[in-house]
Student: 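One structure, pasted below without further comment.
Below, chain A is the first sequence line, B the second, and so on; all start at residue 1. All heavy atoms count here, side chains included; hydrogens, waters and symmetry mates do not.
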Amino acid sequence: MFAIAWKTLRARRAAFAGAFTALFCGAAVITASGILLESGVRSTVPPERYAGADVMVGGNQTLRIPGGDLTVAERLPERVTLPSEVRDAVAAVPGVRAAVGDYDVPVAIAPVEGDAVVPAAPRVTAAHGWDSAVLGPFSPDEGRAPESDSEVVLDAALAAAVGVSPGDEVRIVAAAAPAVYRVAGTVTAPPGAPLERSHTVFLTPAEAARLSGHPGRFDAVGVLAEDGADPGALARSIEDAVPEVTTYTGTAAGRLEFADVAASRSLLTLVAASFGGMAMLVSLFVVAITLALSVHQRRREFAVLRAIGSTPRQIRRLVVGEALLVAAFGGVLGCLPGIVLADVLRGLFARIGVVPDDLPLAVGPLPPLVAVLLVAGTAALGGLATAHRPARISPVEALREAAVDGGEPPRWRRTAGAVCLGAGAVAALTPLYVRGEVGAAGTGSAALLMVIGLALLGPVVPRRLVRLLGAPLRGGRVTGFLAAANSEAGARRTGSALVPLVLAIGFTVTLVYTQSTLAAAAVAQTREGLAADLVLADTGSGGVAAEVVEEVRSTPGVAVVTSVTPTTVFVPFTVFEDRDLAALPARGVDPDGLAATVDLGIADGDIAELRGDAVAMERSQAELLGRGVGDTVEMYLGDGTPVELTLVATYERGIGFGTVTLPREVLEGRTTALPGRLLVRTAEDADPAAVAAALDALGERHPTLSLVDRDGFASGARAEAALAGWVNLVGLAVILGYIAIAVVNTLVMATAGRSREFALLRLVGMSRWQVLRVAGWEALLLVGAAALLGTAVAVLPLAALGTGLLGVPLPAGPPLVYPAVVAGAALLGVLSVLVPTWACLRGRPVEAVGVRE
Amino acid sequence: MGPSGSGKSTFLHCAAGLDRPTSGEVWLGGTRLTGMREGRLTRLRRDRIGFVFQSYNLLPALSVEDNVTMPLRLGDRSPDRAWFERVVTRVGIAGLLDRRPAELSGGQQQRAAVARALVTRPDVIMADEPTGALDSRTSGQVLALLRDVVSDLGQTVLMVTHDPVAACHAHDVLFLADGRLVERLTAPTPEAVAERMTRLGEG
C-alpha cells in the first residue's frame with residue numbers, strides 16, 4: 001500500500017500541496033516553540049566577571065516538592081544564597097585550590113553631586129568584595145586595591161563613564177541608600193571578557209557583605225582548581241560532596257552571573273510552554289481538517305478502489321500511508337523555517353525588552369525531531385480519522401455518493417462535537433471561578449475547543465446557517481441564486497472551508513480582547529485600590545533599604561508608608577492525587593496602616609491581622625485551594641524557603657496587587673528581596689504639595705528614588721500590563737499567522753477542486769465574469785457564516801472574562817479590533833476564493849471538463 | 001436485459017457482493033454472501049469476480065499497468081507475468097501500459113478496465129453497461145473483445161445491457177421486468193431480442 005501511496009503522491013503533487021502546506025507550517029511552528037523552550041533550558045551568555053573561575057557554585061534554583069513527579073519543578077526567581085559553611089565545604093573538596101565567596105550587590109553609581117549615572121551599554125552595575133576579583137581575573141590598571149571600607153575600585157570603563165579617577169570621590173547607591181567612597185584604583189576587564197553586559201565596582205569584602213544585606217550568606221562561590229584538574233570532573237565531585245548546590249562550568253556560569261539571563265530563561269520557558277501547547281493544538285487541528293478536505297476531494301478515487309476490491313483496512317492504510325509520506329516531507333522541510341521563526345521571535349522578545357539582546361538561541365536536534373514526530377503522529381491520527389468514512393461505506397454507495405456532496409456525519413462525530421462544545425463552554429466559564437491570569441489563560445482554549453466541536457459536528461451547522469444567510473440571494477438573479485444553491489448543496493465542502501475562518505475570527509478576537517481585558521482589569525484595580533497619594537520607586541539599586549523607608553516615614557506630613565516587595569510564592573496543591581505547584585505573584589507589605597495606602601477589596605477576614613506568620617490571598621485563589629480565613633497555607637518563598645502561614649483575609653483586587661499578600665516580616669531574614677516601591681499616604685492636616693516637595697528633596701539625596709503621583713502610578717501599571725500583553729501577543733501572532741495560512745490553504749484547495757464545475761457553468765453559457773460573481777457570492781456567504789460563528793465562539797469566553805475581571809459581561813479593549821479582525825478575515829477569505837477561481841477560468845472550458853477528477 | 005428501472009444494475013451489484021439486498025440471500029457458487037463481513041466479502045469479490053463499469057473507473061493517478069495489476073496488489077499476490085502479458089495483448093493495450101488513463105480514448109480505457117477484471121482469473125466477469133459510454137464502433141470492438149475472452153480464455157461473462165445488439169454477443173439472454181426474471185433466450189438475434197424488449201416495454 002505504501003508503494004501505491006508513493007505513486008499517487010508523485011502523480012498528484014497538486015492535490016497534496018494543501019496537506020503539505022499545513023504539515024510544513026505546523027512543523028515550523030512546533031520547531032520554533034521547541035527551540036524557544038530548549039533555549040529557556042540551555043541558553044546562556046558567556047560569563048564576564050566569573051570568566052576566570054574554573055567552577056562556579058550557586059544555590060539550587062529549582063524548587064521540587066516531595067511527592068511531585070519530574071515535571072513538577074519551578075525555577076526560583078530569587079537568588080538562593082549559600083552560607084559560609086558551604087564555601088568551606090567546597091574549599092575542602094580535593095582538587096579545589098581556592099573557594100571564594102562572592103557577594104553580588106546591585107548598585108547604582110553617581111557623582112558626589114547630581115543624578116545617578118546609568119551607563120549606556122551595560123545597564124547592570126554590581127558591587128563585589130575585592131577578594132572575588134581573582135574570579136575574573138581583574139588586573140589592576142591604576143591605583144591600588146581598596147584598603148578601608150570607604151574605598152572602592154571601579155572597572156576602567158565605568159570610571160571613564162562617571163568621569164572619576166583614583167583619588168576622586170564617588171557615590172554608590174545600594175538599596176536606595178547612597179554612600180560616598182574614595183576611588184582607590186581601577187581595574188581592566190578580564191582577558192577574553194570585555195564587560196559588555198555589566199559594570200563592576202569592588203569594595204572591601206566586609207563592606208560588600210554589609211551592603212548585600214545578608215552578610216555571611218554568599219550569592220555565589222567561585223572555585224579555582226588546582227593545576228591540571230578537570231573543571232567538569234571537579235564540578236561533579238563538588239556536587240557529590242555538597243549536595244545543596246548547583247555547579248556551573250564554562251559559559252554556563254553566565255546563568256549564575258546575570259540575573260536578566262536567568263529571568264528571561266524562565267520567561268522563555270513559560271512562553272514557549274504555553275505558546276507551544278497552543279501552537280501544537282492548533283496545528284494538529286489544522287492538519288486534521290486539511291487532510292479531511294483532501295480525502296473528501298478524492299472520495300471518488302477511494303470509491304473506485306473499494307469497488308475493485310480494496311478492503312476497508314487497505315483504504316485506511318493507503319490514506320494513512322499518504323499522510324505519513326506528506327508528513328515526512330513537510331515535517332523535515334518545515335524544521336528549517338522553524339529555526340528562522342524562533343530567531344524572529346527571539347528578536348521580537350528582545351525588542352520588547354523581556355529577553356536580553358545577546359542571549360543566543362540554543363538550537364539542538366531535539367526540537368526538530370520532536371516536531372517531525374508530532375507532525376507525523378498527527379498526520380497518522382488525522383488520516384485514520386478521515387479514512388474512516390471512505391473505508392467503511394459499501395462500494396456501490398461509494399460510487400453513488402461520490403457524485404453528490406452530502407451524507408450526515410456519523411453519530412460518534414456528533415457526540416464528540418457536542419462534548420467539545422460543552423467542554424469549551426465549561427472552560428469559558430473558568431474566569432468566573434479563577435480570576436486573574438490563570439483563569440484568563442483558559443479563554444483561548446475555550447474558543448479552540450468550541451471551534452473543534454463545530455468542526456466535528458460537520459456540515460450540520462453550516463448548512464442551516466448558509467440556508468438562512470442565502471435566503472435573500474435565492475430570490476435574486478442567476479448568480480446569487482446559483483451561489484446560494486451551491487453553498488447549500490456543497491455543505492460539506494462549505495463546512496471544511498468554514499472551520500479555519502471561524503477559528504481565525506473566533507480565536508483572534510478572543511485572544512486579543514483577553515489581553516486587553518486583563519490589562520484593563522489590572523489598571524482599574526490598581527487605580528481603585530491605591531489609597532496612597534504618592535509613590536516612591538527605586539530604579540537600579542536593587543530596592544529600598546529599611547533605613548530609607550524609615551527616613552521617608554519620618555518626613556513631616558507623611559502619615560503612613562507601605563513598602564511593597566514584589567516576589568513570587570509557590571503553593572503546592574493536589575489535583576487528582578498528583579502534587580503540583582502553583583506560582584503566584586505576591587507582594588510583601590508593611591502591615592502597619594496598610595488600609596490607609598491600599599484598599600485590597602477585602603472579601604473576608606481582617607487585613608489588620610496581617611502580622612507574623614500570616615498571609616492574605618485573592619478570594620478565588622483561596623477558594624480554589626480550598627482554604628478559608630483561619631486555615632493554614634503552606635507555601636515556598638521566592639528562594640524556596642518553606643513557610644506555613646495562617647490565612648487572615650481574602651480580597652478581590654488580586655490582578656492589580658498580586659494574588660498573595662504577605663507581611664514584610666515573613667520575607668525579612670529569609671529572602672534577599674527588597675521593597676521596590678513605597679506607597680505614601682499624607683496626613684489629613686498636611687499640605688499635599690509640601691509633602692510632595694519634601695519627598696522630592698529626599699529624592700535628591702537618594703538618586704535612585706523617583707516620585708510619582710497616583711496617575712503616574714496607574715500609567716506605570718498600564719505600561720506593565722501592556723508589556724505582559726505584548727509578550728503573549730508575540731507568541732500568539734505566530735499562531736494567528738498559521739491560522740491565516742490555513743484559511744488560505746483550505747479555501748484554495750476547495751476552490752481548485754471545483755475547476756470542472758466552473759467549466760460546466762461556462763459551457764452552459766455563463767461568462768467568466770458571471771462565474772466569478774457566483775464564486776464571489778459564495779465566498780461572501782461563507783465569510784458571513786464564519787463571522788457569525790466566530791463571534792458566537794468568542795462571546796461566551798469574553799463575557800465570562802469580563803464578568804470575572806471587570807464585573808460587566810463585556811471585554812475591555814480597543815473596539816475597532818473586532819471589525820478589523822472580521823474585515824481582515826473576510827478579505828482573506830474572499831481573495832482565497834476569487835484568485836483560484838480566476839485561475840481555473842483561464843483555460844478553455846472544454847478542456848477543463850474533459851479532465852477527469 | 002430489461003427496460004430502465006427493471007432492476008438490472010441492482011441485480012448485478014447484489015450478485016457481485018457490491019450491494020446488499022434488503023431481503024433474501026445471495027449465493028456465489030457454494031458461498032453465501034449474505035451476512036458476510038465487509039473485509040471477507042471484499043476479498044472474495046477481489047479474488048473471484050471481475051467487474052467492468054460503465055464509466056471505466058480507472059485510477060487517474062496510476063499508469064495503465066498499475067491500474068491493471070491493482071487487484072493483485074490489493075490481494076497481495078505477485079502478478080503472473082505470462083498471464084498478464086497474455087491478457088494485455090489479448091485486450092490490445094500492450095503498447096499503452098505506461099500511459100495515464102487521461103491519455104487514453106474511451107475505448108482504450110474500457111479495454112484497460114476489462115484487462116483489470118481479467119487479471120485475477122476470476123470465476124466470473126460482471127459488466128454493467130460496459131458500452132454505455134462508447135460510440136457504436138468502439139462498443140463493437142469492446143463487445144467483440146468480451147466475446148473473445150469467453151471463447152479464447154474460457155471466461156464466464158455476465159453483462160447487463162439495454163442494447164439488443166450488445167445482447168446478441170451472449171450465449172444466453174435473461175430478461176428482467178419489475179425486478180423479476182421473466183424470460184430466457186438462447187442464441188439470440190437482434191430482431192428476437194428487440195421484439196421481446198418491445199413486448200416487455202408494453203407489458
Side-chain angles (χ1 to χ4, degrees), chain A residues 1-16 294-295 297-319 321-322 325 388-403 753 755-756 847-853, chain B residues 9-10 12-14 16-21 36-63 65-77 100-106 109 112-113 116-117 119-120 122 126 128 133:
Chain A
M1 239 36 213
F2 228 62
I4 295 292
W6 175 239
K7 284 189 174 167
T8 315
L9 218 61
R10 276 192 18 194
R12 311 194 45 165
R13 287 188 203 97
F16 290 100
S294 113
V295 164
Q297 285 186 328
R298 294 165 55 225
R299 60 203 183 277
R300 196 181 168 81
E301 213 167 293
F302 294 119
V304 170
L305 275 171
R306 284 289 286 130
I308 63 166
S310 304
T311 57
R313 219 180 113 104
Q314 286 174 316
I315 298 280
R316 267 198 291 271
R317 267 165 44 200
L318 178 64
V319 173
E322 284 173 2
L325 277 174
H388 185 79
R389 191 177 179 80
R392 285 313 307 175
I393 42 186
S394 92
V396 167
E397 200 183 324
L399 282 173
R400 212 183 295 130
E401 193 204 27
S755 59
R756 202 159 175 270
E847 283 168 9
V849 165
V851 176
R852 303 199 45 94
E853 307 118 81
Chain B
S9 291
T10 308
L12 200 68
H13 287 156
C14 288
L18 282 168
D19 209 351
R20 292 161 193 269
M36 201 180 262
R37 290 184 60 89
E38 191 57 42
R40 252 195 88 199
L41 186 61
T42 306
R43 279 191 292 278
L44 174 122
R45 216 171 61 221
R46 190 171 63 207
D47 297 340
R48 296 182 53 189
I49 301 169
F51 211 97
V52 180
F53 302 87
Q54 179 178 352
S55 51
Y56 330 136
N57 279 337
L58 298 176
L59 293 165
L62 302 181
S63 69
E65 175 166 358
D66 285 332
N67 261 294
V68 170
T69 54
M70 195 67 200
L72 296 174
R73 273 179 199 271
L74 291 171
D76 215 11
R77 290 196 269 162
R100 292 273 160 74
E103 298 167 311
L104 302 183
S105 72
Q109 288 194 46
R116 178 176 68 186
V119 79
T120 56
M126 299 196 183
D128 187 2

Student: Applying salt bridge (charged side-chain N to carboxylate O under 4.0 Å, His left out), which residue pairs with at least one partner in residues 47-56 of chain B are found, sequence neighbours left out?
Tutor: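 Sorted pair list: B:Asp47-B:Arg77, B:Arg48-B:Asp123.
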Student: To the nearest 0.5 Å, tell me how far A:Leu305 CG sits from B:Met70 CE.
Tutor: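 Here the rounded value is 5.0 Å.
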Student: Between B:Gly75 and A:Gln314, which heavy-atom pair has the shortest distance, and what is it?
Tutor: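 Distance-wise, the nearest heavy atoms are N-NE2, 4.4 Å.
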Student: Can you tell if the side chain of A:Arg306 reaches within under 4.5 Å of the side chain of B:Leu18, non-hydrogen atoms only?
Tutor: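 No, too far: nothing below the 4.5 Å cut-off.
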Student: Got a sec, which residues hit salt bridge (charged side-chain N to carboxylate O under 4.0 Å, His left out) with B:Asp128, two or more places apart in sequence or on another chain?
Tutor: none
Student: Where do B:Gly39 and A:Pro312 come nearest, in terms of heavy atoms and distance?
Tutor: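 Nearest heavy atoms, B:Gly39 then A:Pro312: CA-CD, 4.4 Å.
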Student: Heavy-atom cut-off 4.5 Å, strictly under: side chain, backbone, both or neither for B:Arg116 against chain A?
Tutor: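 When you check distances to chain A, only side chain atoms of B:Arg116 fall under 4.5 Å.
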Student: Would you give the length of the straight line joining atom OG1 of B:Thr42 to atom CZ of A:Arg313, rounded to the nearest 0.5 angstrom?
Tutor: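 So the gap between those two atoms works out to 12.5 Å.
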Student: For a 4.5 angstrom cut-off between non-hydrogen side-chain atoms, does B:Asn57 reach A:Ile308?
Tutor: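 No, every pair of side-chain atoms sits at 4.5 Å or beyond.
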